[in-house]
Structure formats: C-alpha cells, structure tokens
Asks: 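For reference, the structure I am asking about is given below.
Indexing begins at 1, ligand by ligand and atom by atom, following the structure's order. Index from 1, following the sequence.
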Amino acid sequence: MINIALFASGAGSNAAVIIKTLHQYITPQEANVAVIITNNENAGVINIAHANNIPVAIINLKKKDEAAQTDIYQTVLEQYNIDFIVLAGYLKKIPAAITHAFPQQIINIHPALLPAYGGPGMYGTKVHEAVIAAGEQQSGITIHYVDEVYDHGAIIFQATCAVEATDTPDSLAQKIHQLEHQWFTKTIAQVLQSQK
Ligand SMILES: Nc1nc2c(c(=O)[nH]1)N[C@@H](CN(C=O)c1ccc(C(=O)N[C@@H](CCC(=O)O)C(=O)O)cc1)CN2
Ligand SMILES: NCC(=O)N[C@@H]1O[C@H](COP(=O)([O-])[O-])[C@@H](O)[C@H]1O
C-alpha cells in the first residue's frame, strides 16, 4: 500500500478534495493519505486533517539551514513510512536531498501555465496578479514532478481557463481552484497507477 504525504501551507482546499475523492480512483488498499504535513501552525489544512481523522505534522523550518531542514523532512517522512509526496499549496522549497530520495515520487500543483509565471516568489495570489498585469488572455494549472528547483520538474498535466478583462486576482483564483479541484486527484491516481 502506498503511503501518501500531503504537504500544504494554507487553507487546504486541494487537500480536502484529494482526501474526499482519492478513493474514487484508487482503492484504500492501493494508496492512502497517511499524514498532512505543514510548516504553518495556523494553516486551515490542519482543521481539514482533524475533520478527516488524518494525522498532522507541523514542521518548524524557521532559521534552519538546508541540512537541518533535510533532517526534519527525513524524520517525518520516515515516521509515517511515506512512499509518495503531494505538494498541495506548499510554500517552502523541498531540499535537494529529499527530491533525490523520491525520484518521480513528488508532484506539485502550480496555479499557472508553467514555464511561465513560476519560480521564486510565484505563489498564491502573486501568480494571478502577474498573469493579469501581463494582459494574458488565458491561464490555468500545471501539475508537475518536483525536482530541486522551484517549478522546474517535468510537466505531467496542464489545463487552461480564459482570463477576462473583468477578472481580478480573486476571480481568477476561483477559476484556477475549480480546475485544480477537477483535475488534481485524478492526475495523482494516474501517476500512482502508472508506477505500479
Ligand atoms: N524543490 C522544490 N520545492 C517546491 C517546489 C518545487 O518545484 N521544487 N514547488 C513549490 C510550490 N511552488 C510553486 O508551485 C512555490 C511555492 C513557494 C515559492 C516561494 O517563492 N516561496 C517563498 C517563501 C514563501 C513563504 O514562506 O511564505 C520563498 O521560497 O522565498 C515558490 C514556488 C513547493 N516546493
Ligand atoms: N506556487 C505554489 C502555489 O501557489 N500553489 C497554489 O496554492 C493554492 C493553495 O490553495 P489551497 O490551500 O486551497 O489548496 C493553490 O491554488 C495552489 O495551486
């Protein structure tokens, strides 16, 4: 059975949908969400974990160098015997030692059409603000494998939405969330089944 760790730093709407719908695509005997891991003690995703009786690990990365952060990740991933990692709105860089230890076993969702609008500083509403400021007529989501560089790993899936002249960062975020909630779980299951 594949033990999945969901990483999130904020509200956790993607985590909630994954927890709710994963077993429409893959059986509990094949894969399960074993733990929700967050760097933010105030993250809304903690309440989602509690509501679904899923263990929560709050990791403190503040003022720690990469080696110390790597130890923290390794310890929690070993504690829950994790085989596969899903980044669902996680705002910290996964250290290279961890990405190398989990080849093609870490995936991320990004709220734009990579390679555009990715990299350091490109997260949350900042992405939508940049897309609108650039006058883009479409945006979308990218699900990709995670390597040691932000938003650089091989692209697995993309879906698009229109950006209207009347769109604000909030209205665009809503469109993006709808795409994420429609496609992320299905894509996770397809990746897991492709690796059997
Ligand atoms: N090794 C990797 N780690 C992570 C990746 C990745 O591709 N490789 N993806 C990110 C998710 N992400 C975009 O999809 C992303 C998240 C956060 C940032 C960012 O600039 N973060 C800030 C800190 C923000 C904060 O603490 O509030 C920063 O690093 O200065 C960029 C992209 C998850 N991890
Ligand atoms: N670059 C990373 C990034 O911006 N990720 C984005 O954070 C949001 C988390 O929402 P959620 O907490 O409601 O799932 C999602 O839109 C996700 O694509």
Side-chain angles (χ1 to χ4, degrees), residues 5-22 33 36-49 51-52 56 58-66 69-70 72-74 77 85-131 139-161 169-185 187-188:
L6 291 183
F7 280 72
S9 299
S13 72
N14 276 285
V17 171
I18 293 165
I19 291 162
K20 182 179 176 184
T21 63
L22 181 66
V33 176
I36 287 181
I37 301 171
T38 185
N39 64 297
N40 175 6
E41 62 188 6
N42 300 310
V45 74
I46 294 171
N47 298 322
I48 289 166
N52 289 278
V56 175
I58 300 172
I59 56 175
N60 181 359
L61 303 172
K62 292 173 183 167
K63 299 180 181 174
K64 297 201 173 58
D65 64 16
E66 181 156 351
Q69 291 193 26
T70 298
I72 290 169
Y73 284 102
Q74 281 175 331
L77 294 170
I85 297 168
V86 174
L87 308 183
Y90 188 62
L91 301 185
K92 294 299 184 184
K93 184 173 283 187
I94 303 294
I98 302 298
T99 63
H100 295 159
F102 285 83
Q104 306 239 307
Q105 293 164 308
I106 310 176
I107 64 176
N108 177 59
I109 194 161
H110 183 74
L113 297 171
L114 294 175
Y117 305 105
M122 293 309 283
Y123 57 91
T125 193
K126 294 170 185 279
V127 175
H128 310 311
E129 288 167 358
V131 165
S139 189
I141 63 170
T142 302
I143 299 169
H144 64 94
Y145 289 109
V146 167
D147 65 19
E148 62 269 22
V149 178
Y150 271 149
D151 304 328
H152 177 262
I155 292 174
I156 300 166
F157 176 82
Q158 292 187 305
T160 64
C161 64
D170 283 351
S171 64
L172 180 53
Q174 287 178 33
K175 293 180 182 178
I176 294 294
H177 274 311
Q178 281 182 342
L179 288 176
E180 293 175 333
H181 299 167
Q182 178 180 359
W183 292 106
F184 200 11
T185 311
T187 305
I188 293 166

Asks: Kindly confirm or rule out an N or O of Tyr90 lying under 3.5 angstrom from an N or O of ligand 2.
Replies: no

Asks: For a 4.5 angstrom cut-off between non-hydrogen side-chain atoms, does Asp151 reach Asn108?
Replies: yes

Asks: Would you check whether His152 has a nitrogen or oxygen atom less than 3.5 angstrom from a nitrogen or oxygen atom of ligand 1?
Replies: no

Asks: Let me know which of Val86, Leu87, Ile85 forms a side chain to side chain contact (heavy atoms under 4.5 Å, CB included) with Val146.
Replies: Leu87

Asks: What are the two closest heavy atoms between Tyr90 and Ser9, and how far apart are they?
Replies: CD1-OG, 3.3 Å

Asks: Would you confirm whether any non-hydrogen atom of the protein falls under 4.0 Å from atom 30 (O) of ligand 1?
Replies: no

Asks: Looking only at distances, can you tell me whether any N or O atom of Asn108, backbone or side chain, sits closer than 3.5 Å to an N or O atom of ligand 1?
Replies: yes

Asks: Check each atom of ligand 2 against the heavy atoms of Tyr123 and keep those under 4.0 Å away; list them by number with element.
Replies: 1 (N), 4 (O)

Asks: For Lys93, does its backbone N or O pair with a side-chain atom of Tyr150 as donor and acceptor, under 3.5 Å?
Replies: yes

Asks: Are Phe7 and Asn39 side-chain neighbours, meaning at least one heavy-atom pair lies under 4.5 Å?
Replies: no

Asks: Do any nitrogen or oxygen atoms of Asn14 lie less than 3.5 angstrom from nitrogen or oxygen atoms of ligand 2?
Replies: yes

Asks: Show the atoms of ligand 1 that are less than 4.0 angstrom away from any heavy atom in His144.
Replies: 7 (O)

Asks: Can Ile106 be said to touch ligand 1, with heavy atoms closer than 4.0 Å?
Replies: no

Asks: Would you give the length of the straight line joining atom CD1 of Ile18 to atom CD1 of Ile48, rounded to the nearest 0.5 angstrom?
Replies: 10.5 Å

Asks: Looking only at protein heavy atoms, identify the closest one to atom 3 (N) of ligand 1 and say how far it is in Å.
Replies: Ile94 N, 2.9 Å

Asks: Looking at ligand 1, would Val149 count as a contact under a 4.0 Å heavy-atom criterion?
Replies: yes

Asks: Please tell me whether His177 and Glu180 have a donor and an acceptor in their side chains that are separated by less than 3.5 angstrom.
Replies: yes

Asks: May I ask you to check whether Leu91 has an N/O atom sitting below 3.5 Å from an N/O atom of ligand 1?
Replies: yes

Asks: Out of all atoms in ligand 1, which are within 4.0 Å of some heavy atom of Gly121? Include the element for each.
Replies: 19 (C), 20 (O)

Asks: I want to know if ligand 1 touches Val146 in the polar sense, i.e. an N/O pair below 3.5 angstrom.
Replies: no

Asks: Would you mind listing which atoms of ligand 2 come within a distance below 4.0 Å of any non-hydrogen atom of Met122?
Replies: 1 (N)

Asks: Using a 4.5 Å cut-off on heavy atoms from C-beta on, say whether the side chain of Val17 contacts that of Phe184.
Replies: no

Asks: What is the distance from atom CD1 of Ile106 to atom NE2 of His100, rounded to the nearest 0.5 Å?
Replies: 9.5 Å

Asks: Minimum heavy-atom separation for Gly140 to Leu179, with atom names?
Replies: CA-CD1, 4.1 Å

Asks: Could you go through Ile37 and Leu77, starting from their C-alpha distance and side-chain angles, then the distance that decides it, and tell me whether this counts as side chain to side chain contact (heavy atoms under 4.5 Å, CB included)?
Replies: CA-CA 9 Å; Ile37 301 171; Leu77 294 170; 4.3 Å; yes

Asks: Give the numbers and elements of all ligand 2 atoms closer than 4.0 Å to a heavy atom of His177.
Replies: 10 (O), 13 (O), 15 (C), 16 (O)

Asks: Counting from 1, what ligand 2 atoms have a heavy atom of Gly124 closer than 4.0 Å?
Replies: 3 (C), 4 (O)

Asks: For atom 13 (O) of ligand 2, what is the nearest protein heavy atom, given as residue, atom name and distance?
Replies: Ser13 OG, 2.6 Å

Asks: Taking only non-hydrogen atoms of Gly119, do any sit less than 4.0 angstrom from ligand 1?
Replies: yes

Asks: Mind checking whether Asp151 has an N or O less than 3.5 Å away from an N or O of ligand 1?
Replies: yes

Asks: I need the contact type for Lys92 against ligand 1. Using non-hydrogen atoms and a strict under-4.0 Å cut-off, is it side chain, backbone, both or neither?
Replies: both

Asks: Considering only protein heavy atoms, which is closest to atom 8 (N) of ligand 1, and at what distance to one decimal place?
Replies: Asp147 O, 2.9 Å

Asks: Quick one: which of Ile176, Ile143, Ile155, Val127 gives a side chain to side chain contact (heavy atoms under 4.5 Å, CB included) with His110?
Replies: Val127

Asks: Within the distance-only criterion (no hydrogens, no angle test), does the side chain of Thr185 pair as donor or acceptor with the backbone N or O of Leu22 below 3.5 angstrom?
Replies: no

Asks: Under 3.5 Å, N or O to N or O, is Tyr150 touching ligand 1 that way?
Replies: yes

Asks: Atom CD1 of Ile72 and atom CG of Leu61: how far apart are they, to the nearest 0.5 Å?
Replies: 5.5 Å

Asks: Answer yes or no for Ile109: is there a heavy-atom contact with ligand 2 below 4.0 Å?
Replies: yes

Asks: Can you list the atoms of ligand 1 that are under 4.0 Å from a heavy atom of Pro120?
Replies: 20 (O)

Asks: Got the closest protein heavy atom to atom 3 (C) of ligand 2, with its distance?
Replies: Pro111 CD, 3.6 Å

Asks: Going by distance alone, is a donor N or O of one side chain under 3.5 Å from an acceptor N or O of the other, for His128 and Ser139?
Replies: no

Asks: Which residue and non-hydrogen atom of the protein lie closest to atom 11 (C) of ligand 1, and at what distance in Å?
Replies: Tyr90 O, 3.4 Å

Asks: Report the member of His110, Glu180, His128 with the shortest heavy-atom distance to atom 18 (O) of ligand 2.
Replies: Glu180

Asks: Quick one, Phe102 with Tyr73, criterion side chain to side chain contact (heavy atoms under 4.5 Å, CB included). Give me CA distance, side-chain angles, the key distance, then yes/no.
Replies: CA-CA 12 Å; Phe102 285 83; Tyr73 284 102; over 6 Å; no

Asks: Evaluating non-hydrogen atoms only, which member of Gly89, Gly12, Ala15 is closest to atom 12 (O) of ligand 2?
Replies: Gly12

